[in-house]
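A quick write-up on the structure given underneath.
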Amino acid sequence: MTSATPASVTVRAPAKINLHLGVGAPRADGFHPLLTVYHAIGIYDDVTVRPADSWSLALEPAPYVDAADVPLGDDNIVFRAATLLAGLHGRPAHAEVVIRKDIPVAGGMAGGSADAAAALVALDRLWGVETSDEDLFRLAAELGSDVPFALMGGNALGTGRGEVVESVRGGDVTRWWVVVTAHEGLSTPSVYRHFDALRPDASAQPAPPHRLVAFLADPVEAIAGLLHNDLQDAALDLRPELRDVLAAGERAGALAGIVSGSGPTCVFLCGSGDHAREVAAGLDGAGEVVLTANGPVAGAHLVDY
Ligand code: C5P
């Protein structure tokens, strides 16, 4: 039985932070081997798709999101996601797509990856093509290193270039975060290039974060000292004012603060929702916008159809 085409489908996908980001020396293909602990947090993009006779894409950024640099043409990751999915099923990539963006652009929180993951799930439903999980994850990995995690959500260990994901413990333990976004994004490739310049001695395989993974379900104090980001020094070099943001978070009483992924977003671990709101108040004005969010949360999921 084939079900009727829905009038619209909305899929929500979360931002990610890296509780640990271990980076090795660049591989022959230019990508860096990673050992990372992904953690999905409650800041989301919503991708809504509707039936159409051609392709169209529009953005609805939240007031604090600067989406001026997001390409809307063939190089948009959502268009690439649609083309791959349509190609797999031998059908045209036709849809009217609207992305409601709450995840900062070029912020180190994998907003583009979230959009791609959400688009795969939404278009699969709109087109009624019933893609297998195996194919969805394969297409996700082809689209970008962080896209498989955006499908998966929760807490996950990421290996390879980040695209190989495996769920880890702590999925039922809520953590609270304050997120400070920056006025201007940072280009991920340029942060990796600067990492290469700073760390010519980086080993081929980054060390595994055994202790953090072991403590992921433990009280928050157990993980506060274990947050780590190998890209942080590179991001701080390229954007020195982030040092002030991290220092302000410490003064505001956060348990720990790190640059998220390739930055420039900084994230601060807190002990509770109330504590996060207190720290957020202390960080008011430290960046473009100060948000609170909890994690881990689900990966790309249907919210409306
Ligand atoms: O995979 P993704 O498209 O998100 O990667 C964006 C860029 O980030 C790559 O072109 C590369 O410069 C850098 N990158 C990397 N090593 C990784 C992931 C990303 O060098 N593991």
Side-chain angles (χ1 to χ4, degrees), residues 13-40 45 47 69-71 73-85 99 101 103-120 136-153 156-166 185-209 228-235 237-239 259-265 299-300:
K16 64 85 185 159
I17 63 181
N18 305 80
L19 304 181
H20 175 97
L21 180 52
V23 181
R27 313 187 304 201
D29 65 1
F31 283 92
H32 293 71
L34 302 185
L35 260 165
T36 187
V37 177
Y38 287 115
H39 177 79
D45 282 359
V47 173
D69 289 339
V70 175
D74 294 3
D75 46 354
N76 183 283
I77 193 166
V78 165
F79 177 72
R80 289 175 43 229
T83 308
L84 281 182
L85 188 69
I99 307 173
K101 285 199 80 60
I103 306 174
V105 173
M109 302 184 84
S113 304
D115 298 347
L120 286 175
L136 272 185
F137 274 88
R138 185 174 50 75
L139 298 186
E142 208 171 310
L143 287 162
S145 309
D146 295 329
V147 182
F149 176 69
L151 281 178
M152 182 179 213
L157 185 68
T159 53
R161 60 177 222 278
E163 88 285 18
V164 182
V165 284
E166 174 194 336
L186 266 175
S187 136
T188 301
S190 62
V191 176
Y192 273 103
R193 272 198 302 276
H194 198 58
F195 169 85
D196 293 338
L198 290 178
R199 298 280 302 278
D201 56 338
S203 70
Q205 256 320 309
H228 176 78
N229 181 357
D230 271 347
L231 292 180
Q232 180 156 312
D233 286 348
D237 246 21
L238 294 174
R239 198 60 68 73
V259 170
S260 174
S262 56
T265 303

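Just follow the structure's listing: the first ligand is 1, and inside any ligand the first atom is 1.
- For atom 9 (C) of ligand 1, the nearest non-hydrogen atom of the protein is Phe31 CE2, 3.7 Å.
- Contacts with ligand 1 closer than 4.0 Å are made by side-chain heavy atoms of Tyr192 only, the backbone lying farther away.
- Closest of all the heavy-atom pairs between Asn229 and Leu231 is OD1-N, 2.7 Å.
- Closest of all the heavy-atom pairs between Ala141 and Arg161 is O-NH2, 2.6 Å.
- Ligand 1 has no atom lying under 4.0 Å from any heavy atom of Ser262.
- With hydrogens and angles ignored, the 3.5 Å screen pairs no side-chain donor or acceptor of Lys16 with any backbone N or O of Gly111.
- Protein heavy atom closest to atom 7 (C) of ligand 1, with residue, atom name and distance, is Pro189 CG, 4.0 Å.
- Per-residue contacts place Gly30 under 4.0 angstrom from the following atoms of ligand 1 (heavy atoms of the residue considered): 20 (O).
- Using a non-hydrogen distance threshold of 4.0 Å, Leu34 registers as a contact of ligand 1.
- When only interatomic distances are considered, the shortest N/O to N/O separation between Asp146 and ligand 1 does not fall below 3.5 Å.
- Taking only nitrogen or oxygen atoms, main chain and side chain alike, Ser145 reaches within less than 3.5 Å of ligand 1.
- Shortest non-hydrogen contact noted between Ala202 and Ala25 is O-CB, 3.4 Å.
- Checked by atom type and distance alone, the side chain of Thr36 pairs as donor or acceptor with a backbone atom of His20 at under 3.5 Å.
- Not one N or O on the side chain of Glu166 forms a donor-acceptor pair closer than 3.5 Å with the backbone of Leu157.
- Using a 30° and 60° split on the angle between ring planes, Tyr38 and Phe149 fall in the parallel class, below 30°.
- Residue contact check: Arg161 has heavy atoms under 4.0 Å from atoms 17 (C), 18 (C), 21 (N) of ligand 1.
- Protein heavy atom at the shortest distance from atom 20 (O) of ligand 1 is His32 ND1, 2.7 Å.
- Atom 6 (C) of ligand 1 has Thr188 CG2, 4.5 Å as its closest protein atom, hydrogens excluded (heavy atom only).
- Using a 4.0 Å cut-off to heavy atoms of Gly144, the atoms of ligand 1 that qualify are 1 (O).
- A donor-acceptor contact shorter than 3.5 Å is absent between the side chain of Asp45 and the backbone of Asp115.
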